[in-house]
Amino acid sequence: MKANCKKWRCLLVITTATTAITALPISTVQAGAGSTSEKMSGTFLTAGAGFTSEKTDGTFLTAGAADILDADISMENDELRAYIQSRTASTPQLRQEDEEEESLRVMAKVNEYVNMRADADQDAEKVGVLYKDCGGELVEQKGEWTKVASGDVTGWVKSEYLYFGNEAQELAEDVGMLTAYSETETLRVRKEASLESGVLGLLANGEAIEAIAEEGDWVKVSYEGSTGYVSADYVNVVFDIDTAESMAEIEAREAAAKAQAEAEAQAKRNAQKEAVLASASEVEILAALIQCEAGGESYEGQVAVGSVVMNRVRSAGYPNSISEVIYASGQFVPAAKGKMETLILNGNIKASCVQAANDVINGTCNVGDELHFRRNNGRDGIVIGNHVFY
């Protein structure tokens, strides 16, 4: 029992000592003047300036501790040496881990894009998209999934589609860029790094500009194709990489693109319509509609379509001209989509359709007083070819 108590007291002292010992690397330099030593169970420990131990196993241990407490150590030489060696072996590794912070940067490892999901599951809701050369920060990892924060989006991505560590950092440095954000009103972009230099332009508060390099009191920037300089005191320079796009942003962007495309298409159709109405005859307009609706039908079917148009012209419920009937809102799809105008302007109307148009204008009719037609779907009416007239 007494021996055990002494051993534990020894361990306590040794723990205190080795904390100091491991603060400095192993050395083979002897202690300076004024050091003292006391033999402890065959092992010499030396205290004082630059504490150094006597050689115990062909190795000198050096520490910066000022004093080592005296202790009646009964441990065997091998036990003491093994204990100290275990402490000195582990401490440098711990110190290195404290000093080196692991990079949290992640970058997309894809040719186009990878989906970001609400949970670490392939069937989970999509919350965003991480495109090629875009990146973010690692938040959490779970199995084969990594949670990534990128811009305004935080979601789970399969780890196989991401770069980590040095690979991610190298890619970020390659595709990212420095951006200078103005932090004052009317920031002058000068031609040279001097207050006396001419001005290329002005930046509003919060406006961003590509930064080329930081050069002392000035930041070299790219301004409208020219190289300029802004005062470093009035900008915040950050390293930017492209980030993920949320589903809401994607939907808004796609809706805007669709609306713009539709507006452009409508403008084109309006221009074509005006050109047709200004140059084409009623016969050509009717013939173009007949071709769009029944170009693949028999001549009888082509006449039937033309007859419906002429029935409407003669009806009090519709306009009284061929062009107005055909271009009435929501009536004939080919007129709304601009297909008719393309046929007319390109001169690609079939002769049979022109003949059918002339015949119905001159009074030919094979559908009675019917005012409508559609693809034959079993509806009651007059069936001619693939259409039913009612």
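To the nearest 0.5 Å, atom SG of residue C353 and atom CG of residue N348 are 12.0 Å apart. The structure places NZ of K350 at 12.0 Å from CD1 of I290, a figure rounded to the nearest 0.5 Å. The OG1 atom of T364 sits 9.0 Å away from the CD atom of Q355 when rounded to the nearest 0.5 Å. With rounding to the nearest 0.5 angstrom, the CD atom of E137 is 11.5 Å from the OG1 atom of T243. Rounding to the nearest 0.5 Å gives a distance of 9.5 Å between CD of E293 and CD1 of I326. Distance check, rounded to the nearest 0.5 Å: CG of L286 to CD of Q291 gives 12.0 Å.
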Problem set entry | Residues R117, K126; criterion side chain to side chain contact (heavy atoms under 4.5 Å, CB included); working and verdict | CA-CA 4 Å; R117 301 190 178 274; K126 276 174 47 175; 3.4 Å; yes

For this session: Could you give me the CA-CA distance, side-chain angles and deciding distance for W218 and L195, then say whether side chain to side chain contact (heavy atoms under 4.5 Å, CB included) is met?
Result: CA-CA 10 Å; W218 295 87; L195 293 175; 3.9 Å; yes

For this session: Take L345 and V276, measure what side chain to side chain contact (heavy atoms under 4.5 Å, CB included) needs, and give me the verdict at the end.
Result: CA-CA 7 Å; L345 295 174; V276 165; 4.2 Å; yes

Problem set entry | Test log, rule side-chain hydrogen bond (donor to acceptor under 3.5 Å, both in side chains), inputs Y181 and D240 | CA-CA 11 Å; Y181 293 89; D240 283 336; 2.8 Å; yes

Exercise. What's the verdict on side chain to side chain contact (heavy atoms under 4.5 Å, CB included) for C365 and V367, showing C-alpha distance, side-chain angles and the deciding distance?
Worked result: CA-CA 6 Å; C365 180; V367 295; 4.0 Å; yes

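Counting all heavy atoms, side chain and backbone alike, V148 lies closest to V157 at CG2-CG2, 4.4 Å. Residues T154 and M116 come closest through the heavy atom pair C-CE, 4.3 Å. The shortest heavy-atom contact between A294 and G301 is CB-O, 4.0 Å. Considering every non-hydrogen atom in both I382 and E370, the closest pair reads CD1-CG, 4.2 Å. In terms of heavy-atom proximity, A208 sits nearest to T179 at CB-CG2, 3.7 Å. When every heavy atom of I285 is checked against every heavy atom of M340, the shortest pair comes out as O-CE, 3.7 Å.
Cluster membership check: W156 does not share its hydrophobic cluster with L138, using side-chain heavy-atom separations under 4.5 Å among Ile, Leu, Val, Met, Phe, Trp and Tyr.
Sorted pairs that involve residues 174-202 and meet salt bridge (charged side-chain N to carboxylate O under 4.0 Å, His left out), not counting sequence neighbours, are lacking altogether. Listed by first and then second residue, the ring-ring contact (aromatic ring centres under 6.0 Å, His included) pairs involving residues 253-301 amount to none (not counting sequence neighbours). Sequence neighbours left out, not one pair with a member in residues 317-366 passes ring-ring contact (aromatic ring centres under 6.0 Å, His included). Counting only residues at least two apart or on different chains, the salt bridge (charged side-chain N to carboxylate O under 4.0 Å, His left out) pairs with a member in residues 147-168 are E144-K158. Sequence neighbours left out, the pairs with a member in residues 352-390 that pass ring-ring contact (aromatic ring centres under 6.0 Å, His included) are H372-Y390, F373-H387, F373-F389.
A search for side-chain hydrogen bond (donor to acceptor under 3.5 Å, both in side chains) contacts involving Q302 returns S352, not counting sequence neighbours. Evaluation of the side-chain hydrogen bond (donor to acceptor under 3.5 Å, both in side chains) rule for E297 yields N386 as partners, not counting sequence neighbours. Residues passing the side-chain hydrogen bond (donor to acceptor under 3.5 Å, both in side chains) test with E207, sequence neighbours excluded: none. Residues passing the side-chain hydrogen bond (donor to acceptor under 3.5 Å, both in side chains) test with S159, sequence neighbours excluded: T146. With sequence neighbours excluded, the residues satisfying side chain to side chain contact (heavy atoms under 4.5 Å, CB included) with Q169 are S103, R105, E173.
Atom CG of N111 has 12 or fewer heavy atoms from other residues, nucleotides or ligands within 6.0 Å. Heavy-atom contacts from other residues, nucleotides or ligands closer than 6.0 Å to CG of D380 number 12 or fewer. Heavy atoms from other residues, nucleotides or ligands lying under 6.0 Å from CG of D217 number 12 at most. Other residues, nucleotides and ligands place no more than 12 heavy atoms under 6.0 Å from the CD atom of E125. No more than 12 heavy atoms of other residues, nucleotides or ligands shown are found within 6.0 angstrom of CG on D369.
Checking Q266 against N270 by side-chain atom types alone, a donor-acceptor pair falls below 3.5 Å. Side chains of R269 and Q272: no donor on one and acceptor on the other come within 3.5 Å.
Each of N115, V114, V106 was checked for a side chain to side chain contact (heavy atoms under 4.5 Å, CB included) with Y161, and the lone residue meeting it is V114.
Side chains of Q331 and V325 form no contact here, defined as non-hydrogen atoms less than 4.5 Å apart.
Listed for the N376 side chain is a donor-acceptor partner under 3.5 Å among the backbone atoms of G378. Judged by distance alone, the side chain of S321 and the main-chain N or O of E324 form a donor-acceptor pair under 3.5 Å. Counting only distance, with no hydrogens or angles, the side chain of D119 and the backbone of D121 share no donor-acceptor pair below 3.5 Å. Using a distance-only test at 3.5 Å, with no hydrogens or angles considered, no donor-acceptor pair links the side chain of R374 to the main chain of V388. Checked by atom type and distance alone, the side chain of N366 pairs as donor or acceptor with a backbone atom of E300 at under 3.5 Å. The closest donor-acceptor contact from the side chain of S197 to the backbone of A193 lies at 3.5 Å or more, if one exists at all. Remark: side-chain polar atoms of N311 are paired, donor with acceptor, to backbone N or O of G368 under 3.5 angstrom. Put simply, the side chain of E264 never gets that close to the backbone of A261: no donor and acceptor are under 3.5 Å apart.
Applying the under-4.5 Å side-chain rule to Ile, Leu, Val, Met, Phe, Trp and Tyr, the cluster around V230 extends to M107, Y163, L171, V175, L178, L187, V189, L200, L203, I209, V219, V221, Y223, Y234, V235, V237, F239, I241. Other cluster members for I250: Y113, V129, Y131, M247, joined by side-chain heavy-atom distances under 4.5 Å among Ile, Leu, Val, Met, Phe, Trp and Tyr.
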